[in-house]
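Working notes for the structure below.
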Amino acid sequence: MKRKPKISKNCGKDIVLCETTNRIVSNRTSELLLEQSVPFSKNWHRVPFFRRRIYHGANKVCVISINRTQYSHARRVLYLLEERDYNRLQLNVI
């Protein structure tokens, strides 16, 4: 009888690194993460009408997710962003 292959404990356990509503900041962040070889995924989510006050009227929000094991490395990479771009990110602290 063959055994099933074991899946890593962290497989499929992505966490949210940051969110932003600014398209330029999301592009700069993703370029920086690519330069520093940090694997990530970037998705745009629609914001419901009655929750737009939280995001200052924006109708879409960019969510950048990473693997749990890469979190500390990715946070160090985000400090390399310019201050004005870094301030526009809503960071998720775990």
Side-chain angles (χ1 to χ4, degrees):
M1 184 173 191
K2 290 186 178 181
R3 289 185 174 179
K4 293 182 182 178
K6 288 187 177 182
I7 298 175
S8 173
K9 289 191 326 186
N10 296 322
C11 182
K13 294 186 179 183
D14 289 345
I15 58 172
V16 175
L17 175 65
C18 60
E19 297 178 347
T20 184
T21 56
N22 192 326
R23 188 174 300 273
I24 296 170
V25 173
S26 70
N27 289 338
R28 288 180 184 161
T29 304
S30 60
E31 288 173 6
L32 183 66
L33 289 172
L34 283 174
E35 287 175 7
Q36 299 294 323
S37 302
V38 178
F40 69 95
S41 64
K42 181 170 123 176
N43 296 318
W44 285 90
H45 295 286
R46 187 181 158 278
V47 178
F49 181 75
F50 293 108
R51 299 210 47 185
R52 290 185 185 172
R53 187 171 18 149
I54 298 170
Y55 295 103
H56 304 289
N59 60 352
K60 288 188 177 183
V61 63
C62 176
V63 178
I64 298 177
S65 303
I66 60 167
N67 193 311
R68 183 181 301 251
T69 59
Q70 296 288 323
Y71 180 77
S72 60
H73 178 60
R75 285 295 298 256
R76 279 184 263 133
V77 168
L78 287 182
Y79 288 127
L80 300 175
L81 278 172
E82 294 180 15
E83 186 177 346
R84 62 187 165 114
D85 294 339
Y86 186 78
N87 291 336
R88 289 182 181 240
L89 292 175
Q90 182 180 2
L91 297 173
N92 185 23
V93 179
I94 60 168

message: Applying side chain to side chain contact (heavy atoms under 4.5 Å, CB included) to L81 and L89, what does each step give before you reach the verdict?
response: CA-CA 10 Å; L81 278 172; L89 292 175; 3.6 Å; yes
message: Count I, L, V, M, F, W, Y as connected when their side-chain heavy atoms are under 4.5 Å apart, and connections chain through other members. Are L80 and L91 then in the same cluster?
response: yes
Audit row: Q70, L17, side chain to side chain contact (heavy atoms under 4.5 Å, CB included) steps and yes/no: CA-CA 10 Å; Q70 296 288 323; L17 175 65; over 6 Å; no
- line: OG1 of T20 to CD of Q90, rounded to nearest 0.5 Å, is 9.0 Å
message: If you apply the rule side chain to side chain contact (heavy atoms under 4.5 Å, CB included), what do you find for I15 with I66, and how did you get there?
response: CA-CA 6 Å; I15 58 172; I66 60 167; 4.3 Å; yes
- line: For R28, the side chain to side chain donor-acceptor pair (under 3.5 Å) test, sequence neighbours excluded, returns D85
message: Please enumerate all residues that pass side chain to side chain donor-acceptor pair (under 3.5 Å) together with R46, with sequence neighbours excluded.
response: none
message: Please check: side-chain N/O of R52 versus main-chain N/O of V47, any donor-acceptor pairing under 3.5 Å?
response: yes
query: Hey, what do you get for SG (C18) to CZ (R88), rounding to the nearest 0.5 Å?
result: 14.0 Å
Heavy-atom side-chain proximity of K42 to C62 below 4.5 angstrom: yes
- prompt: Which ring-ring contact (aromatic ring centres under 6.0 Å, His included) pairs, counting each pair once, include a residue from residues 57-94, with sequence neighbours left out?
  reply: Y79-Y86
task: Please confirm whether the backbone N or O of V16 pairs with a side-chain atom of N92, one donor and one acceptor, at under 3.5 Å?
output: yes
query: For E82, what residues pass the side chain to side chain donor-acceptor pair (under 3.5 Å) criterion, not counting sequence neighbours?
result: R84
- line: dist I64:CD1 -> L78:CG (nearest 0.5 Å) comes out at 7.5 Å
Pairs involving residues 17-59, ordered by first then second residue, that meet ring-ring contact (aromatic ring centres under 6.0 Å, His included) (sequence neighbours left out): none
Taking only distance into account, with no hydrogens and no angle test, what donor-acceptor pairs under 3.5 Å do side-chain atoms of residues 30-37 form with protein atoms, sequence neighbours excluded?
| unit_1 | atom_1 | unit_2 | atom_2 | d |
| --- | --- | --- | --- | --- |
| S30 | OG | S26 | O | 3.2 |
| S30 | OG | N27 | O | 2.9 |

